[in-house]
Amino acid sequence: MGTMKYKGYTGSVDFSDEDNCLYGKVLGMSKDAITYEGNDVNELRKDFEGAIDDYLESCAKRGIEPRKPFCGSLNVRITPEIHSRIAMLAQEAGITINAFIRQTLEKAVCL
């Protein structure tokens, strides 16, 4: 699967052998499904960007804030032992648990 980006949104790029077309959806938008399709990459990109623009326009007309994918808030379930160890390591580093986890994840994904 490939991806495209536009105005802070990321969309998937997939191929349907059955329909002989490219298609995709905006990633990270669990409550608002934004989909698009095209017969070639240029058509797909045009429909993707148009779908984003339509979504933003619709939100503006209704006076609501558009949802942003991957808002930065993540709820992760861990064992009490791991939680305790993270808290101790964060305290030793003189930072919050959130800062410790953020730094650790940034290192893990090479940011």
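Applying the salt bridge (charged side-chain N to carboxylate O under 4.0 Å, His left out) test to residues at least two apart or on different chains, the pairs with a partner in residues 55-66 are E57-K61. Applying the salt bridge (charged side-chain N to carboxylate O under 4.0 Å, His left out) definition to pairs two or more places apart or across chains, none involves residues 37-51.
To the nearest 0.5 Å, the span separating CE on M4 from OH on Y36 amounts to 4.5 Å. Here I34 contributes atom CD1 and S58 contributes atom OG; the two are 9.5 Å apart, rounded to the nearest 0.5 Å.
For T96, there are no side-chain hydrogen bond (donor to acceptor under 3.5 Å, both in side chains) partners at least two apart in sequence or on another chain. Every side-chain hydrogen bond (donor to acceptor under 3.5 Å, both in side chains) that R67 has, sequence neighbours left out, goes to D32.
In this structure, I95 is a member of the same hydrophobic cluster as V76, with clusters built from ILVMFWY side-chain heavy atoms closer than 4.5 Å.
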Report, one line per pair, each donor and acceptor closer than 3.5 Å where one atom sits in a side chain of residues 82-94; sequence neighbours left out.
none

List, one per line, each side-chain donor-acceptor pair under 3.5 Å for residues 10-28, sequence neighbours excluded.
residue	atom	partner	partner atom	Å
T10	OG1	K5	NZ	3.1
S12	OG	K25	N	3.0
S12	OG	K25	O	3.3
S16	OG	D19	N	3.0
S16	OG	D19	OD2	3.4

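Considering every non-hydrogen atom in both Y9 and F48, the closest pair reads O-CZ, 3.9 Å.
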